[in-house]
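As structure tokens, the structure follows; a few thoughts come after it.
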Amino acid sequence: MAFTLAHLSDPHLPPLPAARFRDLASKRALGYLNWTRNRHKFHRREVLDTLVADVRAQAPDHIAVTGDLVNLALEAEFAPSRAWLESVGEAERVTVIPGNHDAYVRATRYRAAEAWSDYLRGDIDGGNGAFPFVRRRGPLALIGVSSAVPTLPLMATGKLGSAQMQALDRILAQLAAEQAFRVLLVHHPLHSTSRVKRLTDSRQLRALIRQHGVELVLHGHDHIHSTMWIEGPRGEIPVIGVPSASAVAHGHYPGAAFNMFSIAREDGAWRVEQVVRGIDREMRVKEIRQVRLI
């Protein structure tokens, strides 16, 4: 019996709440200007709601959301983001990690983890809200890390840092001895040509994966469909990105989409099929492609 995992990312929940002047006396000023002049045209609530309705209609066993639920990390954004998570599903069936927009400024960098605490509560670590965390769901071990750190204006880089890396080293070493399908959830992609959007310690993360292995890496951040392969201890590992869950197609950015993974153990090996579903210009969600990954 296959286990199904849905993956969506970067909902950038619209609309943006009203901001007080004092809230914008920081990096948020540029972000607010960008939203009001540009981004609000492309991130639409009706798109997001239509996509989530289709996710729920597919009845996956679990749903992973890889960050950027909010836009400027305003205090007024966190209660609506929690309500949206609850509309996606109960905490037992939905796992979330933060993105860089969820930790946009230092003043509220930890609010996302607080607001969504039971959606990122690990099974192994006693549920203390720390990263990395591990959640066991069916044959899956979902490993959540946080690359969400406040950055300077015009920067959207991410970083795990040495403490997370050391903990992840231990976790991956423990899981390597088990027959679990290991899914690493991280907001930033493991490779980027953009200096201002990259994961600054991706080399160290890839070294850990090369040593211990996982079966699948899921990320967001770039707002595009992407598949890359990285080296693991027993062959290449798929790294899958997905467009923003609220986006209308614009420029080189595709419209909102999500991935469905069907995961099964057959003859001592994992079999993984990916179905990509996306929204079209008539606001209908349809299958874009299907591929066997493993």
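Bear in mind the structure is a predicted one, so any value in this text is a computation, not a measurement.
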| query | In terms of side-chain geometry, is the basic nitrogen of Glu92 or Arg137 positioned less than 4.0 Å from the acidic oxygen of its partner? | reply | yes
Between His187 and the options Asp68, Asp102, Thr66, the side chain to side chain donor-acceptor pair (under 3.5 Å) test singles out Asp68
Donor on one side chain, acceptor on other, Asn71 and His12, under 3.5 Å | yes
Could you go through the side-chain contact (heavy atoms from CB on, under 4.5 Å) check for Asn100 and His188 one step at a time? CA-CA 8 Å; Asn100 56 294; His188 289 75; 4.0 Å; yes
| Is a donor on one side and an acceptor on the other found under 3.5 Å between the side chain of Ser226 and the backbone of Gly241? | yes
| field | Neighbour count >12 (heavy atoms, 6.0 Å) for atom CD, Gln179 | value | no
Ignoring hydrogens and angles, tell me if any N or O in the side chain of Gln211 forms a donor-acceptor pair with the backbone of Ala207 under 3.5 Å. no
**Ile224 side chain near Tyr253 side chain, heavy-atom distance below 4.5 Å** = yes
Taking the inter-plane angle between the rings of Tyr104 and His101 on a 0 to 90° scale, is it parallel (under 30°), tilted (30 to 60°) or perpendicular (over 60°)? parallel
Fill in: Audit row: Ile279, Asp54, side-chain contact (heavy atoms from CB on, under 4.5 Å) steps and yes/no
CA-CA 10 Å; Ile279 200 161; Asp54 191 75; over 6 Å; no
Would you say the rings of His223 and His250 are close, in the sense that their centroids are separated by under 6.0 Å?
no
| query | Hey, does the side chain of Ser147 reach the backbone of Leu160 with a donor-acceptor pair shorter than 3.5 angstrom? | reply | no
